[in-house]
Amino acid sequence: MSDTEFLSFLYSERDRENSLSEFHGWNNWALAGAIITAICTGYAVLSKSPSLEVVKVLYNTGFIIAFFLTYHSWVNLFKRQRAVDFSKVRMMKEVMPIVKIVFVYICAITSTIMIAILNGCNLVFWLWVTVIIAYTIVLILALCQKEKVVPSFFSEMILPWVWVNVAFESIMGGVYSIIGTQSFKLAGSQILSPDFEFAACVAAILILLYVLFKLNFGNKVVRRFDEIIDKYLYAGATKEDTFHEISKNRMGYGVLDACHKELQSVEKQTKKCVEEEKELGEIKNYVLTGNRELTKLQEYQGRIDDILNHQQTTLMLSRALLERMNEIVKVSSSFKDISEIQYVFDTNQQCHDKVKVVSESVGEVSRLVHEAEKEVLTAVNAALKKQLKEKQEELRELQQTE
């Protein structure tokens with residue numbers, strides 16, 4: 001494509017992603033209008049029935065929110081179908097539903113505090129506490145595993161293990177169902193009562209705010225599109241790199257992209273091994289030429305120890321690359337480009353070969369330096385003994401003279 005055609009393509013793709021990301025037709029203005037409508041309706045209900053029972057409003061609101069949390073994921077069944085590349089993967093930090101987690105925390109914490117104040121610690125209170133504890137544990141696990149690869153066909157995952165994630169969502173759905181049922185029983189009011197109507201307005205406001213934030217902050221693909229375009233326009237990114245970034249942003253990461261950090265570290269360490277091999281050759285030449293200064297030899301011995309420690313680090317990074325590759329193979333159901341996998345294994349093999357060569361050189365050079373140090377120390381000890389013997393003879397002659 002020419003520059004003009006490519007730029008036109010970028011803008012059209014951005015507009016298409018923006019239109020597809022709108023949550024089932026909702027946009028910011030529609031959501032703002034719906035929130036204002038819910039506020040006005042709630043005000044009208046409150047003005048007609050100012051003596052609402054706060055406890056009933058609280059439980060009815062909890063019932064509606066719990067019902068929403070139980071079944072809101074079913075909305076995904078009505079989303080537009082998008083292409084999925086099963087050979088691609090994503091990072092856990094990219095699919096974490098941050099907006100949903102915050103929404104659950106706000107609802108759960110608010111409910112526990114208000115129930116404890118207004119009605120004591122009953123079953124619904126402890127169920128909301130269970131939700132808080134469960135999401136806290138899961139959030140800690142997710143943050144610890146934020147760099148773990150996950151399948152690209154999941155738009156949201158709260159845990160990096162597929163079946164564990166499904167089990168958690170199912171269990172929490174059951175907990176929300178119990179919360180909703182018990183809250184409705186404790187409310188003890190009719191659906192058409194003013195208490196329920198006001199609670200419905202409060203719940204509608206909270207749910208609409210959740211949808212508003214999800215629409216604006218939940219879709220990372222749309223949010224990153226302008227950043228990619230800016231890099232092309234102002235940071236000198238090439239068309240190939242820009243299209244590759246768009247592909248990663250939309251479809252997920254290939255093998256080289258997912259292993260980029262580990263692969264880069266291994267390549268860097270391999271280059272450093274080449275430099276260290278050259279340095280070991282210089283140390284060997286110094287020892288073999290016969291120029292053996294004790295201070296210099298001790299300095300070289302310390303440097304050899306550093307190189308040996310570096311080889312251990314290199315092996316650890318190589319192992320990390322293989323573990324990352326193993327994760328990708330387990331997560332991806334198919335591979336389109338086998339050359340990427342071959343490149344990873346070839347790079348890792350080169351690293352192992354270089355480490356083996358350097359390790360052998362370390363052993364040989366360390367032995368030569370140690371022997372040279374031993375010879376130098378032996379020569380120094382012999383010289384010191386000779387000087388000491390001469391001093392003793394001088395002292396003896398001086399005593400005889402006196």
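Here the rule is side-chain hydrogen bond (donor to acceptor under 3.5 Å, both in side chains) with T314, and of R319, Q269, K354 only Q269 fits it. Checking L69, T112, I179 one by one against V131, the side chain to side chain contact (heavy atoms under 4.5 Å, CB included) holds for a single residue, I179.
Taking the six-membered ring wherever Trp is involved, the centroid distance between the rings of F6 and F243 does not fall below 6.0 Å.
One distance of note links CD1 of I117 with CZ of F125; it measures 10.5 Å at 0.5 Å rounding. In this structure, F196 CZ and K56 NZ are separated by 13.0 Å, a value rounded to the nearest 0.5 Å. Taking NZ of K146 as the start and CE of M91 as the end, the distance is 12.5 Å to the nearest 0.5 Å. Interatomic distance, OG of S318 versus CD of Q349, reported as 9.0 Å (0.5 Å rounding). For the atom pair NZ of K88 and CD1 of I328, the computed distance is 11.0 Å after rounding to the nearest 0.5 Å. For the atom pair CD1 of I132 and CG of L139, the computed distance is 13.0 Å after rounding to the nearest 0.5 Å.
For N285 (side chain) and G281 (main-chain N/O), a donor-acceptor pair under 3.5 Å exists by modelled atom type. The closest donor-acceptor contact from the side chain of S49 to the backbone of L46 lies at 3.5 Å or more, if one exists at all. Formation of a donor-acceptor pair under 3.5 Å by the N165 side chain with backbone atoms of I158 is found in this model. Counting only distance, with no hydrogens or angles, the side chain of S111 and the backbone of A108 share no donor-acceptor pair below 3.5 Å. Although no hydrogens or angles enter the test, the distance criterion places no donor-acceptor pair under 3.5 Å between the side chain of S8 and the main chain of T4. A distance-only check finds no donor-acceptor pair linking the side chain of E13 to the backbone of L10 [under 3.5 Å].
When every heavy atom of M325 is checked against every heavy atom of C259, the shortest pair comes out as SD-SG, 4.2 Å. Considering every non-hydrogen atom in both A258 and R324, the closest pair reads O-CD, 3.9 Å. T61 and V57 get closest at one heavy-atom pair: OG1-O, 2.7 Å. In plain terms, the two heavy atoms of A200 and I64 that are nearest each other are CA-CD1, 3.5 Å.
The shortest distance between side-chain heavy atoms of M92 and E147 does not fall below 4.5 Å. For the pair R14 and I229, the minimum side-chain heavy-atom distance is below 4.5 Å. Taking the side chain as every heavy atom from C-beta outward, T347 and C351 never approach each other to under 4.5 Å. With contacts defined as side-chain heavy-atom distances shorter than 4.5 Å, the pair Y135/M172 qualifies. In this structure, E245 and R224 have side chains that are in contact, with non-hydrogen atoms separated by less than 4.5 Å. Side-chain contact check for V357 versus E277: some heavy-atom pair is nearer than 4.5 Å. Contact of the L206 side chain with the F103 side chain is registered, since non-hydrogen atoms from C-beta on lie closer than 4.5 Å. Side-chain contact between E267 and L263 is present, with heavy atoms from C-beta onward closer than 4.5 Å.
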For K100 and E169: C-alpha separation, side-chain torsions, deciding distance, then whether salt bridge (charged side-chain N to carboxylate O under 4.0 Å, His left out) applies. CA-CA 12 Å; K100 177 185 174 182; E169 293 289 357; 3.3 Å; yes
Between N60 and S183, does the side-chain contact (heavy atoms from CB on, under 4.5 Å) criterion hold? Intermediate values first, please. CA-CA 7 Å; N60 280 321; S183 296; over 6 Å; no
Going through the checks in order, is the side-chain contact (heavy atoms from CB on, under 4.5 Å) test met by V102 and I98? CA-CA 6 Å; V102 173; I98 301 298; 4.3 Å; yes
Steps toward ring-ring contact (aromatic ring centres under 6.0 Å, His included) verdict (Y71, F67): CA-CA 6 Å; Y71 298 105; F67 182 84; 5.0 Å; yes
Would you please test V150 and V89 for side-chain contact (heavy atoms from CB on, under 4.5 Å) and show each step? CA-CA 6 Å; V150 296; V89 296; over 6 Å; no
Verdict with supporting geometry, Q182 and N122, side-chain contact (heavy atoms from CB on, under 4.5 Å): CA-CA 10 Å; Q182 295 299 319; N122 53 24; over 6 Å; no
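Under the 3.5 Å distance criterion, with hydrogens and angles disregarded, a donor-acceptor pair is assigned to the side chains of T136 and Y105. A donor-acceptor contact closer than 3.5 angstrom links the side chains of N119 and Y59. Residues Q350 and D346 bring no donor and acceptor atom of their side chains to less than 3.5 Å of each other. E276 and Q311 share a side-chain donor-acceptor pair at under 3.5 Å.
Between W128 and Y176, the angle of the ring planes lies from 30° to 60°, which puts this pair in the tilted group.
Annotation: K248, atom NZ; neighbour count of heavy atoms from other residues, nucleotides and ligands within 6.0 Å is above 12. Heavy atoms from other residues, nucleotides or ligands lying under 6.0 Å from NZ of K148 number more than 12.
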